[in-house]
2 protein chains.
Amino acid sequence: MLIQQHIRVTVDAVVFGYSAKQGISVLLIKRKIPPHIFKWALPGGFVHNDESFEDGIKRELREEAGITINYLEQLYTFGAPERDPRGRIISIAYYALVDPSNFKLAPDTDAEAAQWCPIDELPFLAFDHKEIIALAQERLRNKIRYEPIGFELLGKKFSMAELESLYTHLLGRSVDRRNFQKKILSFGFLKTLPEKQKHPQQGRPAQLYSFDEKKYHALKKEGIFFEV
Amino acid sequence: MLIQQHIRVTVDAVVFGYSAKQGISVLLIKRKIPPHIFKWALPGGFVHNDESFEDGIKRELREEAGITINYLEQLYTFGAPERDPRGRIISIAYYALVDPSNFKLAPDTDAEAAQWCPIDELPFLAFDHKEIIALAQERLRNKIRYEPIGFELLGKKFSMAELESLYTHLLGRSVDRRNFQKKILSFGFLKTLPEKQKHPQQGRPAQLYSFDEKKYHALKKEGIFFEV
DNA sequence: CCAAAAGTGTTTGTAATACACCCATGA
DNA sequence: TCATGGGTGTATTACAAACACTTTTGG
């Protein structure tokens with residue numbers, strides 16, 4: 001039984017960014033071709049015949065937004081027969097974590113505009129992209145409970161308060177400052193830097209930390225647990 | 001930029017079964033067409049143009065083995081450009097849990113033979129299927145720690161010892177019999193049946209239990225945690 | 001010296017762990 | 001009555017959770 005397939009394959013990315021002001025944001029692009037022309041959508045596009053999914057994602061993100069990715073992981077493959085009006089098009093969705101302060105958004109080819117949108121203020125989105133974001137958010141919320149991937153959303157140096165605020169946003173609830181610090185430091189994958197935060201807007205300058213990837217990977221091998 | 005895609009899409013399933021004698025097994029089929037003719041492989045095949053992935057999986061499993069699925073979940077999509085000698089063929093992998101005592105394997109169309117193979121005694125497998133099984137096993141091991149999907153591998157009635165033995169196999173370590181029972185019963189989603197195991201080979205007959213899906217789903221909504 | 005945010009320890013409750021003897025059955 | 005596997009309770013330990021005052025800085 002040989003059936004001629006007409007299925008096309010896209011990759012789409014849910015790119016998460018974090019800033020103290022806006023909280024968790026997602027990168028959206030405004031479509032400049034049909035279908036759903038001028039609607040907001042996830043960055044992504046058709047996979048080339050000879051490239052891996054990850055290469056495809058990175059190419060699209062370069063083309064559409066010019067960003068630097070800290071973490072990239074496959075999320076889920078969406079393939080409902082009616083999800084795209086152009087015919088059978090499946091989407092292999094990835095999610096990515098970036099530090100938005102690291103670069104300026106620079107839309108290039110397929111997208112009219114690339115923009116950060118706070119996760120709680122999403123506009124109407126093309127295709128099933130809202131569903132994809134919802135799944136990515138759930139995955140992220142689960143994942144940070146047993147792997148410290150939250151660090152990928154921060155810059156190289158950060159204060160304990162910034163880290164705590166990030167987790168507060170990710171978990172959707174507040175945590176006790178003292179218990180949080182105790183727990184995080186007990187893992188031993190934070191380096192205490194010999195410098196303090198410069199020019200706080202108000203109050204005492206905070207100790208700065210950085211993430212020690214070497215120590216983290218050593219810990220990870222013996223199985224980490226990370227409930228905060 | 002329009003690029004003509006030539007990517008074909010398959011679905012493959014890692015079907016887990018459990019028996020007291022063999023432990024955790026995976027369903028394999030012997031290929032009767034090239035490539036990798038006469039090699040063992042995962043059940044699966046090309047997705048039809050108008051069917052969902054899950055429908056495709058179920059159709060393939062019906063055709064190739066005639067089995068009844070208790071649990072089915074998407075695992076990962078494999079798409080390395082060189083993973084199939086026929087060209088660019090990606091595989092959307094699912095994993096499934098079944099109760100093997102529930103049916104007899106009945107190979108039909110594409111497969112010469114369908115057979116259970118203990119997870120620790122896998123033969124050479126076609127394509128990247130060994131990698132797929134490894135990922136499925138890891139996922140299963142993680143998942144049973146926060147959701148009681150292990151029950152899908154058992155029959156309707158089971159003794160505490162059978163359940164414990166299942167978890168021992170899944171987790172790859174032994175657990176304390178008393179603590180295990182205490183923990184499991186404390187969740188309250190087991191029904192104590194008014195009957196005992198008949199004709200034990202030796203020793204005292206065991207109390208039988210069944211899984212109470214209603215209570216489980218109620219619990220699940222308020223977030224279950226299940227470390228054993 | 002005042003406002004603002006950072007830093008820090010102790011107590012209490014709860015859940016995980018470790019551990020050993022008696023019970024019911026079939027041969 | 002013996003061998004085999006099933007059933008059960010308690011003490012200890014470790015970790016999570018709750019909680020408030022002092023310190024440093026800039027204005």
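Just so it is clear: chains get the letters A, B, ... in the order the sequence lines come, proteins before strands, and each one is counted from 1. This one's a predicted model, so the numbers in the text were calculated from it and none came from an experiment.
With K130(A) contributing its side chain and P123(A) its backbone, the two residues share a donor-acceptor pair below 3.5 Å. In this structure, the side chain of N70(B) engages the main chain of E152(B) through a donor-acceptor pair within 3.5 Å. Judged purely by atom type and a 3.5 angstrom limit, H217(A) uses its side chain to pair as donor or acceptor with the backbone of E213(A). Panel note: side chain E162(A), backbone S159(A); a donor-acceptor pair is recorded below 3.5 Å.
Using a 4.0 Å heavy-atom cutoff across all strands shown, Q207(B) reaches sugar-phosphate atoms only and no base atom.
In terms of the side chain to side chain contact (heavy atoms under 4.5 Å, CB included) criterion, residue partners of E73(B) (sequence neighbours excluded) are, by chain and number, Y71(B), Y95(B), R139(B), K143(B). For K39(B), there are no side chain to side chain donor-acceptor pair (under 3.5 Å) partners, not counting sequence neighbours.
The aromatic rings of Y216(A) and F211(A) are tilted relative to each other, their planes meeting at an angle between 30° and 60°. Taking the six-membered ring where the residue is Trp, F127(A) and H129(A) present tilted rings, their angle falling between 30° and 60°.
Residue E164(A) holds its CD atom at 9.0 Å from CE of M160(A), rounded to the nearest 0.5 Å.
Judged as a salt bridge (charged side-chain N to carboxylate O under 4.0 Å, His left out), not a single pair has a partner in residues 165-192 of chain B (not counting sequence neighbours).
End-to-end axis angle for the helix from dC1(C)-dG27(D) to dA27(C)-dT1(D), using five pairs per end and rounding to 10°, comes out at 0°.
Protein chain A contacts DNA chain D from dA16(D) to dT25(D), reading 5' to 3' and using non-hydrogen atoms of the protein with a distance under 4.0 Å.
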For this session: Heavy atoms under 4.0 Å is the rule here; annotate nucleotides 18-27 of chain C 5' to 3' with B where the base is hit, S where only the sugar-phosphate is, and - elsewhere.
Result: BBB--BBB--
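For dT8(C), the OP1/OP2 oxygens have a side-chain nitrogen or oxygen of Q181(A) closer than 4.0 Å.
Taking atom NZ of residue K183(B) and atom C1' of nucleotide dA16(C), one finds them 7 Å apart after rounding to whole Å.
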